[in-house]
Amino acid sequence: MSPLSLYNTLTRRVEPLEPLAPPRVTLYTCGPTVWNYAHIGNFRTFLFEDLLRRWLEHSGYEVFHVMNLTDVDDRTIKAAAAAGKSLTEHTEPFTQAFFEDRDYLRIKPAHVYPRATQYIKPMVALVSRLLERGVAYKGEDGSVYFAIAKFPAYGRLSQLDRRELKTGARVSSDEYAKDDARDFALWKKSDAEDEAVGAAWDAPFGRGRPGWHLECSAMSLDEIGRRFGAETLDIHAGGVDLIFPHHEDEIAQSEAATGKPFARHWLHGEFLNVRGTKMSKRFGNFLTARDLRDQGVDAGAVRLLFSQTHYRQSIDFNDEALDGAREGVRRLGEFRERLTGDGGRGTGDGPLAELGKKMEAEFTAALNDDLNAPRAVAALFEFVRAANRGMDGGAAGSGKALAAFDRVTGVLDVLPTPKRLDSALSAWVEERLAARAQARKSKDFKAADAIRAELVARGVEIEDTPQGTKWRVV
Ligand SMILES: [Zn+2]
């Protein structure tokens, strides 16, 4: 197993990954709240987690990846009520949209996607356990709260000053600020709106619905408990905005119930900014994955763009950066074609094979160092430059170089999406090429040039060779 080190938010240090039962790694990543389409800021987090997952697997670990779907919380209920729909009617299309967006961006599917509404039983059990242990209590408003004063480790992840805690005071909304740390709701007494959208369940401590934080604790413990008899996750990941209160509260609920550490390694990805501001509906700079897809943006370009910044640094998303990534992806695709076409120069050793070996070593060292993707990408492009020079000079070893290139691009998954050729386009291109050949034969170069321009306008690149005119869609 390679020595992979990752930054741990819990200790604020880069530490070697030490899973409880190697080669297995249990990975829990907080999934989307399916009240609306996920925006590309959300997908930046999911893509960083995709890189983590792929690198763990590439390194020989057997990853069990759980990503929850939050289909009941303050926001989903409000959105369903506003749309005049039941919770399920409102959330299901957004769940399907999330899966489509995931596939567009080539994110590896998690092994399970527990939906909160289907895990009410383990949630009720967890609240009961916390009540029995005396760390939770029922408020006079009928909701059940977690008493942060009863959990001395509260605040460790987000480095809260315990003197700032408003012990005894309560907050019932799912989201609140760090300077408002107080007893939070585990189970919310249902109101008329909850009942109207079908977001209310019976429980021994009163009819109601789970708090958002409780959901992740109950689902993750249920998944790893049933499958592996474990009560501790190897890695828990999410966006930095989840550190407080979400992950802090998850730790409190889980550890107060099990008496075991909830997760050994906490990883958090930074924000994506648009025009210098964190993207959100509120700021009107909201962009979804499907917006990019509809604009014809190749998923490879989005993946490369995000790989060029370390996951613990914020990214500024703009057209220039995206164009740069598009160009990078195009170069990688062309390079691979050239390397494949160079197969004649052998499967043996040679300068190209050596370059590939060096690149792969640098790539591995970079990702083992807290997933330093920008350094890994730099090594890849340096290899492309050097190998292109090598091929110009007829260097040998392209077979091994190609294998190394495929291994690393398999991790990043940044090659251009293969264009699907439809037969109507092919027929049109062939017809236009025949007309162009005819024009050239009769020395009507003006007409021939016009046809070439027509082809280019539809993304068809042509090349005249001694064997005839070759074409491809770019
Ligand atoms: Zn969560």
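Any value given below was found using the heavy atoms of this structure, including those in side chains, with hydrogens, waters and symmetry copies removed. Both counts, for ligands and for their atoms, begin at 1 and track the order of listing.
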>> When you measure from the Zn ion (ligand 1) to the N, O or S atoms of H247, does any of those distances fall below 2.8 Å?
In response: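 Here the distance criterion (N, O or S atom, under 2.8 Å) is not met by H247, so no.
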> Are any N, O or S atoms from C30 nearer to the Zn ion (ligand 1) than 2.8 Å?
Replying inline: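 So C30 does bind the Zn ion (ligand 1) by this criterion.
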> For D294, does the CG atom have more than 12 heavy-atom neighbours from other residues, nucleotides or ligands under 6.0 Å away?
Replying inline: yes
>> Is it the case that over 12 heavy atoms from other parts of the model lie below 6.0 angstrom from the NZ atom of K78?
In response: no
>> So, applying salt bridge (Lys or Arg N to Asp or Glu O under 4.0 Å) with D50, which one of R106, R44, R102, R303 is it?
In response: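 Between D50 and the candidates, salt bridge (Lys or Arg N to Asp or Glu O under 4.0 Å) is satisfied uniquely by R303.
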>> Check for me whether R227 meets the cation-pi criterion with F64, that is, NZ or CZ under 6.0 Å from the six-membered ring centre and within 45 degrees of the ring axis.
In response: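 Not flagged: R227 not positioned over aromatic ring of F64.
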> Nearest to the Zn ion (ligand 1), which N, O or S atom of E250 do we find?
Replying inline: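 E250's closest N, O or S atom to the Zn ion (ligand 1) is named OE2.
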